[in-house]
Amino acid sequence: MLDINYIRDHKETVEQAIVNKGEKDTSIVEKVLAADEKWRAKVHEGDQLRSESNNKSSKIGQLMGQGKKEEAQAIIKETSAMKETIKEIDEDVKALRKERDDLLLRIPNVPHPSVPVGATEDDNDTFKTWGKPDERDWLKPHWELTERHGWVDFERGVKVTGAGFPFYVGPVAQLQRALINYFINEAVKNGYTELQAPYFVNEDSARGTGQIPDKEDMMYVIPRDEFFTIPTAEVPVTNFHRDEILELKEVPKKYVCHTPCWRREAGSYGKDVRGLNRLHQFDKVELVKIVKPEDSYDELESLRVHAEGLLEALELPYRTLLMCTGDMGFTQSKKYDLEVWSPGQKRWLEVSSCSNFESFQARRMQLRYRKGEKEIEIVHTLNGSGLALPRVVSAILETYQEENGRVRVPEVLKPFFNRDHL
RNA sequence: GGAGAGAUGGCUGAGUGGCUGAAAGCGCUCCCCUGCUAAGGGAGUAUACCUCCAACGAGGUAUCGAGGGUUCGAAUCCCUCUCUCUCCGCCA
């Protein structure tokens, strides 16, 4: 969420941000400011009354100590009368606070000035392309290869769980494991701390990173125990430091974490979900950074470069998109998507998304750092995939296939295989 | 799952109704002293919100696991919940 004081001082900026992110109605800004005004007035009223009451109560204590019972009784009468009013005001304060916060949570993050203004994916900037898309026309899509070799078992996945929950078999299971290892090793080399995280989170965590209230339909829910299955490691890892004040020397924090990710993906169909393109469960290696505000845009660039480096090491052509305001989501200030070329499908597949949330997530989860002796400041948070597994597997299978149907092992993964072909 | 104990500031740990936002110790910061080291002396050291102020700052309110209750007044009494620890059971 945004800082209410920021909204007060930058009303037009926030309204413009709402429009740029694709919402027509900006009246929520007026509403939240009005609600805040009402809440503050009520808080003040309550504080003043309580102050008066506290003074009187301590006087009662003194008088009792001196044995002046009658005088004390007189004041008790006064404070008794105040009790009811204070209670009513407290209830009003609570209601007004909730009203304000509910509105506040529905205001999206403000895009960074460098972000192109636009409505749809057509307005994204192609920030960078690397390598040449492989146009050999005999290249098969990955699902033909996996079917021929029995490397991914979709049917048994359906039997055991349902659509979108495949089994990976033999060499492709090994390939995936090798990639996970490789990605984590590279991140650790780059100064990230390896983390293994819970796969379920509670409601506070889901709110902390912004899945609630904006995207709760993407998550699977375990109602009996009030858990959500994680849609990405971003959720547990960013919440790792929720409600903490980090020391200056502890910042930046950089974490790498591999987890399965579960997404309901309601409404997907057709070629989007063919093969490994879109699944309900997939593995991902996630990178999370907690940084000082003044460093967050440099950190975003280094995050992007790191993720791009993984694709380059695998020699997979890709492009990097700078997402426009309308295509980047509620919580981000700036976001890059990395798309790998799928030569068997002749299309780009998103394998990473690197975002700066500025203080939007950190404020929700009260994640701060001690800037100076007295000064405490909200941190900025970032995350990026490094990388999402199934689509990288697809791209590797398709890119490294030979005419006889065999698939070569990428050079950087050879240490994990001790052989040339899957 | 059964039985018991507990939850207080960065940490340890006092505190059973008013003068306790909280003793004491440790840690940390600044200052003083000592030729160095060791030791010693003094001051400071939670967070959120509100009001006033151009600002420095001043004042107020809340917070002793969470929520509710009793009371003029709650860290302290009562209720509910959560979590932690110990023992037993079960278990990769």
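None of these values were measured; they are calculated from a predicted model. What you see below is based on every heavy atom in this structure, not just the backbone, and it leaves out hydrogens, waters and symmetry mates. In what follows, chains are A, B, ... by sequence order, proteins preceding strands, each numbered from 1.
- The base-pairing partner of B/U71, taking Watson-Crick or G-U wobble contacts with both distances under 3.5 Å, does not exist among the strands shown.
- Checking B/U61, B/C72, B/U51 against every side-chain atom of A/Ser80, the shortest atom distance belongs to B/C72.
- The neighbour count for A/Glu147 CD, taken as heavy atoms of other residues, nucleotides or ligands under 6.0 Å away, does not exceed 12.
- OP1 or OP2 of B/U61 sits under 4.0 Å from a side-chain N or O of A/Asn54.
- A/Glu398 contributes a side-chain N or O that, together with a main-chain N or O of A/His142, makes up a donor-acceptor pair within less than 3.5 Å.
- Contact check, A/Lys94 against B/G68: a side-chain N or O comes under 4.0 Å of OP1 or OP2.
- Summarising the base pairing, B/G1 is matched to B/C88 through a Watson-Crick or G-U wobble pair whose two defining distances lie under 3.5 Å.
- Between A/Tyr297 and A/His380, the ring centre distance reaches or exceeds 6.0 Å.
- Using the Watson-Crick or G-U wobble rule with both distances under 3.5 Å, B/G40 pairs with B/C32.
- Each of B/U47, B/C50, B/G69 was ranked by its minimum atom distance to the side chain of A/Ile376; first place goes to B/U47.
- Remark: A/Arg368 is not in phosphate contact with B/U47, judged by side-chain N or O atoms under 4.0 Å from OP1 or OP2.
- Under a 3.5 Å cut-off, the side chain of A/Ser51 and the backbone N or O of A/Asp47 do not form any donor-acceptor pair.
- Regarding contacts with the backbone of B/G18, every side-chain N or O of A/Ser58 stays at 4.0 angstrom or more from both OP1 and OP2.
- In this entry B/C52 has B/G57 as its Watson-Crick or G-U wobble partner, both defining distances falling under 3.5 Å.
- Judged by closest nucleotide on RNA chain B, A/Asn55 is the one of A/Ile60 and A/Asn55 placed further toward the 5' end.
- With a 3.5 Å ceiling on both atom-pair distances, the Watson-Crick or G-U wobble partner of B/U47 is B/A62.
- Between A/Arg370 and B/U47 there is a side-chain N or O to OP1 or OP2 distance below 4.0 Å.
- Annotation: cation-pi geometry satisfied between A/Arg304 and A/Tyr336 (NZ/CZ under 6.0 angstrom from ring centroid, within 45° of ring axis).
- Residue order along RNA chain B, read from the 5' end via each residue's closest nucleotide, puts A/Gln62 first among A/Thr79 and A/Gln62.
- Here the side chain of A/Gln366 is nearest to one of B/A48, B/U61, B/G18, namely B/A48.
- Residue A/Met82 is classed as having no contact, given no heavy-atom separation below 4.0 Å to the nucleic acid.
- Ranking B/U47, B/U61, B/C49 by closeness to the A/Arg50 side chain, first place goes to B/U61.
- B/G25 is paired with B/C11 under the criterion used here, namely a Watson-Crick or G-U wobble arrangement in which both key atom distances are under 3.5 Å.
- Within the structure, a side-chain polar atom (N or O) of A/Arg40 is placed less than 4.0 Å from OP1 or OP2 of B/U51.
- For A/Ser51, the listed nucleotide lying nearest its side chain is B/U61; candidates were B/C72, B/C50, B/U61.
- Taking only side-chain atoms of A/Lys83, from C-beta outward, the nucleotide of B/C50, B/G69, B/C72 with the closest atom is B/C72.
- A straight line from NZ of A/Lys87 to P of B/G68 spans 11 Å, rounded to a whole angstrom.
- Residue A/Lys11 qualifies as enclosed at atom NZ: its count of foreign heavy atoms under 6.0 Å is above 12.
- With a cut-off of 3.5 Å on both pairing distances, B/U16 has no Watson-Crick or G-U wobble partner at all.
- Look at B/U76: it lacks any Watson-Crick or wobble partner with both distances under 3.5 angstrom.
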